Protein chains: 4
Amino acid sequence: MDRYFSNKSLTQGKRERTRAALIDSAIQVIAQKGFESASIKEITQAAGLANGTFYNHFDDRESLAREAAVVVAMEMAEEIAGEVADLEDGLDKVIVSTDKIVKRAVIAEAWGHVLIGAWHYLDDFRQDIAQIMRRDLKLAKRQGSTPLSINQLLELQIIAMAIVSVTLQLKNGLNKATRIETAEAILRLLGVAPEDAKQKAKQVLSL
Amino acid sequence: MDRYFSNKSLTQGKRERTRAALIDSAIQVIAQKGFESASIKEITQAAGLANGTFYNHFDDRESLAREAAVVVAMEMAEEIAGEVADLEDGLDKVIVSTDKIVKRAVIAEAWGHVLIGAWHYLDDFRQDIAQIMRRDLKLAKRQGSTPLSINQLLELQIIAMAIVSVTLQLKNGLNKATRIETAEAILRLLGVAPEDAKQKAKQVLSL
Amino acid sequence: MDRYFSNKSLTQGKRERTRAALIDSAIQVIAQKGFESASIKEITQAAGLANGTFYNHFDDRESLAREAAVVVAMEMAEEIAGEVADLEDGLDKVIVSTDKIVKRAVIAEAWGHVLIGAWHYLDDFRQDIAQIMRRDLKLAKRQGSTPLSINQLLELQIIAMAIVSVTLQLKNGLNKATRIETAEAILRLLGVAPEDAKQKAKQVLSL
Amino acid sequence: MDRYFSNKSLTQGKRERTRAALIDSAIQVIAQKGFESASIKEITQAAGLANGTFYNHFDDRESLAREAAVVVAMEMAEEIAGEVADLEDGLDKVIVSTDKIVKRAVIAEAWGHVLIGAWHYLDDFRQDIAQIMRRDLKLAKRQGSTPLSINQLLELQIIAMAIVSVTLQLKNGLNKATRIETAEAILRLLGVAPEDAKQKAKQVLSL
DNA sequence: GATGAATGAGTATTCATTCAT
DNA sequence: AATGAATGAATACTCATTCAT
């Protein structure tokens, strides 16, 4: 035994690993079975753990779901932020980010359902997701690209545009026109004139 | 039993009545208990019927839910349409209709959850609800109030604005400012310039 | 179908039969496994019914246990009352009844454990059992055999004598001396002088 | 670590301390949660130990419960014996001891339930508790206050009087009349004439 | 000896569904 | 067509117990 590390830290490492495994597993299962149909049995089995182990780490299914949603939101936020890092215009960042979320959700269908489920069920998740937009919206505001004040309602509305877009494309298949219209809608929502929105959406999403 | 009338017509009348009773009952129970917690036992009991009777009329809960949703959507559509009948401007009709739906959903909390649940779960319901807007949107288009072409995506986006508004107000309480901002957002979505939208929203919803 | 009986009464007959079967079964299982270890699964299995059937008839295990205890108490009361019907002296009735309960409980060991379990757990059962004694005690009072006023505490004390007797004999085996001493104790409790109690107990229980 | 003392003695000291901690903890938890609801996890947690530690000291919950009951009985015996030390009459000691046990059990409600639970579940506990009375009963016998021979049955019967009294008062609230009647009953059980019992009970318990 | 993560059998309870009447 | 008793699979959750560290 390595005496430089305490028993405790070792054990905590294991604890953390198991915990993480459960969260990962939950994300997988929720993606496959939907948000409410993800049973604890299935989640633990997918993690290769015993049923009861779940309760060593979480109080109930709700707790796990919340944590899983946060993890998903955070990972997505980071990824997308990286991908739009080199864009300089706030509005561009907003519509490209949104479009990337939508594309991802439609292509990885299961994942899209998780996104929609979490959006519907979990207040926290809505907050987290909305926040992803906040920085870029404030940037756009500073750049004078929108006359609106940035608040939670506006953020939620923009994400709602994305959700509608995903819902429609999950039903009818991936569709670039729909995504461009979605971008236009977001721009109009932010106060851009329709013809300018049309032009900008087409141009930015065609890159 | 009266033998002068055919068994068939009597039975069919009864059949229809029982069917309708189940749908009504489902609406009540779903409104009280939420979408997924409405059990068949409860629905049939509320209708004063035996639980087995359900299976003489519907294949499963989903079928009933769909029919119930259609009924709700239709009733709501009629009601709202009646209430905005004397408005002449298409845009006015759209934002007043939306606002009425939102107010109703927030005040009758349970009902609001049903609305959101149905919106989330039931594709048909989304279609039906979206259609409520269609006529008014087309009117606005004819009146030259919007440069956009009216399609399903746009309809869904407008309802999504309403849903976001309801969600937020169910959490934070009824809030007129939120509802006015929602109307503004819808107007901007339809291509109205932000300052015009602001003015119009305030003016129309203050009546 | 027999048209002289309504559907309802037929069905209710079945319902009653199943209900009774569950109560019987519960008594058996409780006798074997003890009061708290009688699981619903076991009770329904012993009745040849499905797990879920239980919940068509009782709200929870507690409800069933209470009903079962009442049934046991009532049956016992009737039986014993019949057996001591030809005794004329109130005190005789009391000590013979008690002795019969004790003997029965010790011989049918499982049954003895039920008695003790129910006595310990169920307030209602204590009341029911205590009441069994009441009439005979009042008779003894009228006959001038006891100077005490008859109240619930006294009834419970007498049954407690029986319970102690059962407990000891379940451990050490059936023992007539113990039962006679128990009868003496009950008589002393009722105010009979020790030497008279000794004589009466021996004489009455030797019949 | 102090190397001047042998590991063994230290460890054994530790072993005993841990063991004692578990017993103490068990008493606390049982008093709060009741006899069957005291889980091992809760007991170990209350002792500030890991749940696995339990199995280094006891085979199962039953073992611990038994030991805990003995400790409780002994402590109570000592305490009560101290409190009645200055009484000279054996009968007085018996009814005052009993009354003190009853009062304590009714006031500290949780504790009362433990007493009853242990009395019901644990044969050893019944023996230990019965023994508390033995010395005083023998004294009463030597003083010629009772014609009865002192045996286990009699001891158990007296404690049963106390248990009935506790049960009733836990249900209906602390009640001096009930406690006096209990004392009378014990005296009658020991062969005291009803009117003498009445007078003595009242007089002794009023001090 | 102490730890505490992992285990998995066990429990109550729910509920859609079937089917004999 | 209506009934409602019976079904049994499924679910969340508990807890005594094991064992590697």
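In the text below, chain A, chain B and the rest are named by the order of the sequence lines, each starting its count at 1. Since we're looking at a predicted model, the values are computed, not measured.
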Query - Which atom of D:Glu36 lies closest to which atom of D:Tyr121, heavy atoms considered - result: CD-OH, 2.9 Å
Query raised in the report: For the pair made of NZ in C:Lys33 and C1' in E:dG10, what is the distance, rounded to whole Å?
Result: 13 Å
Report task. Would you give the length of the straight line joining atom CH2 of A:Trp119 to atom CZ of A:Phe35, rounded to the nearest 0.5 angstrom? Result -> 13.5 Å
Report task. Give a yes/no answer on whether the side chain of D:His57 brings an N or O atom under 4.0 Å of OP1 or OP2 in E:dA2. Result -> yes
Query raised in the report: Rounded to the nearest 0.5 Å, how far does CZ of B:Arg19 lie from CZ of B:Phe58?
Result: 4.0 Å
Query raised in the report: Using purine N1 to pyrimidine N3 plus N6-O4 or O6-N4 for Watson-Crick, or N1-O2 and O6-N3 for G-U wobble, each under 3.5 Å, what pairs with E:dT21?
Result: F:dA2
Requested in this report: Would you state whether a donor and an acceptor, one from the side chain of D:Asp59 and one from the base of F:dA16, lie under 3.5 Å apart?
Outcome: no
Query raised in the report: For C:Arg15 and F:dG4, is the shortest distance between a side-chain N/O and OP1 or OP2 below 4.0 Å?
Result: no
Report summary line: Separation of E:dA16 atom P from B:Leu22 atom CG, nearest Å, is 14 Å
Report task. Could you tell me the separation between the CD1 atom of B:Ile23 and the CD atom of B:Gln28, rounded to the nearest 0.5 Å? Result -> 12.5 Å
Query - Under 3.5 Å donor-acceptor pair, A:Asn56 side-chain atoms to E:dA5 base atoms - result: no
Query raised in the report: What does A:Thr53 touch in the nucleic acid at a heavy-atom separation under 4.0 angstrom: a base, only the sugar-phosphate, or nothing?
Result: base
Query raised in the report: Do the non-hydrogen side-chain atoms of B:Ile43 and B:Asn51 ever get within less than 4.5 Å of each other?
Result: no
Query raised in the report: Hey, is the side chain of C:Tyr55 poking within less than 4.0 Å of OP1 or OP2 on E:dT14, counting only N and O atoms?
Result: no
Query - Upstream residue (5' side of DNA chain E) when D:Gly48 and A:Gly52 are each assigned their closest nucleotide - result: D:Gly48
Query raised in the report: Could a donor-acceptor pair under 3.5 angstrom be found where the side chain of A:Asn51 meets the base of E:dA6?
Result: no
**Report entry** First of B:Ala38 and C:Arg61 reached from the 5' end of DNA chain E, by closest nucleotide
**Finding:** C:Arg61
Query raised in the report: Would you say a side-chain N or O of D:Thr18 is under 4.0 Å from OP1 or OP2 of E:dA2?
Result: yes
Requested in this report: Figure out the CZ/P separation between A:Arg19 and E:dA6, and round it to whole Å.
Outcome: 12 Å
